[in-house]
Amino acid sequence: MKLKKQLASIIMIGALMTGCAAGGQSTKKEESKDGKQVVTVWAWDKNFNIRVMEKAAEAYSKVNPDVKIEIVDYAKADVETKLHTNLSTGSTKNLPDIVLIEDYSAQKYLTSYPGMFEDLTGKRGHDKFAKYKVSSMTVDGKVYGVPFDSGVTGMFYRTDYLEQAGFKPEDLQNITWQRYLEIGKVIQEKTGKPLTCENLNEISGLSRIMMQSAKTWYFDNDGNVQIENNKALKEALTTLKEMKDTGVVKNVNGWDEWVGAMNDGTSATVVSGAWIMPSITSATDQSGKWALAPVPKLSTVDSVNASNLGGSSWYVLGGKDNKDAAIDFLNKTFGSDNDFYQTILTDIGAIGTYMPAQSGTSYEKESAFFSNQKVYKDFSKWMTEVPEVNYGVYAAEADKALNSVMADFYSEKITVDEALKAIQTQVQGQIK
């Protein structure tokens, strides 16, 4: 495929340099100065993923004190570059024992680099995890990862703005996107606040939420592109244009502006994954003014009030001397430790996808910030309702193609059908 060849040509220079520099590396099991076996982990986000892995290492040290978990914090882009660079050489020698991979990217790694990741089929009870998470790490019936956090989505909303507009919390329960927009118009009229704030030029996040709620994606279960005649995506784009045309959505640029609009009282609602909660709750002066409702659903296709945005999982690199210790570590923490999941939920706000842990006491706690609602219990319920889809190998390319046509679609230079056709043509051109 053209994209894969281009990728390989770009990264081979770095791979050769890496190989030369590491030519004398020992292949024996790595040990620390105190004689402990070392399992190395690569991840990103020191405030979330790294903190969770530190908690896992602490828990595992009580079970197996002879193994040291060494955690390396890289930027997400650096993790991905280092993975591609080294895997393209056909070797995992210069890679860690465990690596964090975003669910949307998993299929690309697993299919582009066969044999480079450990097959964990039968080595972990994957039936105890949310089904949609396991689907993203499964290729030809084999399961290659250990699921981590959930990107289960919800609609966060300001209760005071809702009340000022004459609505009650039940008015936001299990609604459609059209009803969401109707309510937004009233909220804006009565309060002067926009329904929500989004970067309308990069709308792949919202479109992903809408598509997956209808058990639809850019690709079918066989990996074929299904964009031009994708009814769910068509409604998603039409809805997003209506958001822009009616002015109920304020356009923001980048993460800081997006979060800032939540924290300074601008946004009446936020539709996103559960992982956005720490950003919302950072505005402590708004405690008790927020609540949570299910994500809206589509109207023209079979859809549910549950979806997903983001999320990552852990993978063990193949051919590593410490692979057994790495697998054991993941099994005894992320794969079975209920108490560990209660800890990371309480201390970090991390919602795992290990279903047995979600009957724990931490999920029953009321949140004073979110109007004494049991938000974790709600997310746990919605997680079981998230439809499974095949994220495919080229999700990032599809997102880029989608965003590239939005300006012409918004300005009505092209129709929605023409936009879908243009997206499909771009994606097919990338994978030939």
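Scope of the values below: all heavy atoms of this structure, side chains included, with no hydrogens, waters or symmetry mates. Everything numeric here is computed off the predicted structure, so don't read it as measured data.
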Asker: Quick one: which of Ile175, Leu292, Val295 gives a side chain to side chain contact (heavy atoms under 4.5 Å, CB included) with Met155?
Answerer: Ile175
Asker: For the rings on Trp42 and Tyr315, is their centre-to-centre separation under 6.0 Å?
Answerer: no
Asker: Do Asp417 and Lys234 meet the salt-bridge criterion of a basic N to acidic O distance under 4.0 Å?
Answerer: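 Between Asp417 and Lys234 there is a salt bridge, with a charged N closer than 4.0 Å to a carboxylate O.
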Asker: Report yes or no: does Thr196 contribute a side-chain atom to a donor-acceptor pair with the main-chain N or O of Thr269 at less than 3.5 Å?
Answerer: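 Checked: pair present.
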Asker: Taking the basic N atoms (NZ, or NE/NH1/NH2) and the acidic carboxylate oxygens, is any pair closer than 4.0 Å for Lys108 and Glu80?
Answerer: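 So Lys108 does not pair with Glu80 through a salt bridge.
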Asker: When you measure from the side chain of Asn263 to the backbone of Ser279, do you find a donor-acceptor pair of N or O atoms at a distance under 3.5 Å?
Answerer: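 Yes, the answer is positive, given that a donor and an acceptor are paired below the 3.5 Å cut-off.
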Asker: Let's go through Lys76 and Glu102 carefully: what are the C-alpha distance in whole Å and the side-chain angles of both, what is the deciding distance for salt bridge (Lys or Arg N to Asp or Glu O under 4.0 Å) to 0.1 Å, and is it a yes or a no?
Answerer: CA-CA 9 Å; Lys76 180 173 177 286; Glu102 187 178 38; 3.4 Å; yes
Asker: For residues Asn49 and Ser312, is any side-chain donor paired with an opposing acceptor at under 3.5 Å?
Answerer: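 There is no such pair between these side chains.
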Asker: Compute both the distance and the angle, then confirm whether Lys377 meets the cation-pi test with Tyr363: under 6.0 Å from the six-membered ring centre, within 45 degrees of the axis.
Answerer: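 No; the conditions do not both hold, so Lys377 does not lie above the ring face of Tyr363.
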Asker: Is it true that Glu385 and Lys381 have a side-chain N and a carboxylate O under 4.0 angstrom from each other?
Answerer: yes
Asker: Can any side-chain N or O of Gln430 pair as donor or acceptor with the backbone N or O of Glu397 at less than 3.5 Å?
Answerer: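 No; judged by distance alone, with no hydrogens or angles, the pair does not exist.
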Asker: So that I can tick it off, tell me whether Asp97 and Lys323 are bridged by a salt bridge, with the cut-off set at under 4.0 angstrom between side-chain N and carboxylate O.
Answerer: no
Asker: Say whether, by atom type as modelled, one donor and one acceptor occur between the side chain of Thr353 and the main chain of Phe129 under 3.5 angstrom.
Answerer: no
Asker: Would you give the length of the straight line joining atom CH2 of Trp177 to atom CG of Leu298, rounded to the nearest 0.5 angstrom?
Answerer: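 Rounded to the nearest 0.5 Å, the CH2-CG separation comes out at 8.0 Å.
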Asker: Please report whether the ring centroid of Tyr144 lies less than 6.0 Å from that of Tyr109.
Answerer: no
Asker: Going from CG on Asn251 to CG on Asn199, what distance comes out if it is rounded to the nearest 0.5 angstrom?
Answerer: 5.5 Å
Asker: Take Gln178 and Glu242 through the side-chain hydrogen bond (donor to acceptor under 3.5 Å, both in side chains) test and state the conclusion after the steps.
Answerer: CA-CA 9 Å; Gln178 281 301 309; Glu242 187 175 351; 3.1 Å; yes
Asker: Please answer whether the main-chain N or O of Leu95 pairs with a side-chain N or O of Lys320 as donor and acceptor at a distance below 3.5 Å.
Answerer: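 Pair found, side chain donor or acceptor close to backbone of Leu95.
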Asker: Is Lys142 paired with Asp140 through a side-chain N to carboxylate O contact shorter than 4.0 Å?
Answerer: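 Salt bridge flag = no for Lys142 with Asp140.
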Asker: Hey, are the side chains of Leu195 and Leu181 touching, using non-hydrogen atoms and a 4.5 Å cut-off?
Answerer: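 A side-chain contact under 4.5 Å exists here.
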Asker: Would a distance-only check, ignoring hydrogens and angles, find a side-chain to backbone donor-acceptor pair under 3.5 Å from Ser61 to Glu58?
Answerer: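 Present.
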Asker: Is there a donor-acceptor pair closer than 3.5 Å between any side-chain N or O of Glu198 and the backbone N or O of Val249?
Answerer: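 No, the answer is negative, given that no donor and acceptor are paired below the 3.5 Å cut-off.
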Asker: May I ask you to say whether Lys215 pairs ionically with Glu388, meaning some side-chain N is under 4.0 Å from a carboxylate O?
Answerer: no
Asker: What about Tyr157 and Trp290, are their ring centers closer than 6.0 Å?
Answerer: no
Asker: Counting distance only, does the side-chain N/O of Trp275 pair as donor-acceptor with the main-chain N or O of Leu309 below 3.5 Å?
Answerer: yes
Asker: Taking atom CZ of Phe370 and atom CD1 of Ile280, what is their separation to the nearest 0.5 Å?
Answerer: 5.0 Å
Asker: Taking the six-membered ring where the residue is Trp, are the ring centres of Phe334 and Tyr354 under 6.0 Å apart?
Answerer: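 Centroid separation for Phe334 and Tyr354: 6.0 Å or greater.
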Asker: Give a yes or no on whether a salt bridge exists between Lys413 and Glu418, defined as a side-chain N under 4.0 angstrom from a carboxylate O.
Answerer: no
Asker: Quick one: does NZ or CZ of Arg208 land under 6.0 Å from the six-membered ring centre of Tyr218, within 45 degrees of the ring axis?
Answerer: no
Asker: Mark yes or no for whether Asp78, through its side chain, and Tyr74, through its backbone, hold a donor-acceptor pair below 3.5 Å.
Answerer: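 Judged by distance alone, no pair lies under 3.5 Å.
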Asker: One thing to verify: whether Asp378 and Lys374 come together as a salt bridge, which I'm taking to mean a side-chain N less than 4.0 angstrom from a carboxylate O.
Answerer: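 Between Asp378 and Lys374 there is no salt bridge, as every charged N stays at least 4.0 Å from the carboxylate O atoms.
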Asker: Between Tyr376 (side chain) and Gly349 (backbone), is there a donor-acceptor pair under 3.5 Å?
Answerer: no
Asker: Between Glu182 and Arg179, is a salt bridge (Lys or Arg N to Asp or Glu O under 4.0 Å) present by the stated rule, with each step listed?
Answerer: CA-CA 5 Å; Glu182 291 168 1; Arg179 181 56 181 157; 3.2 Å; yes
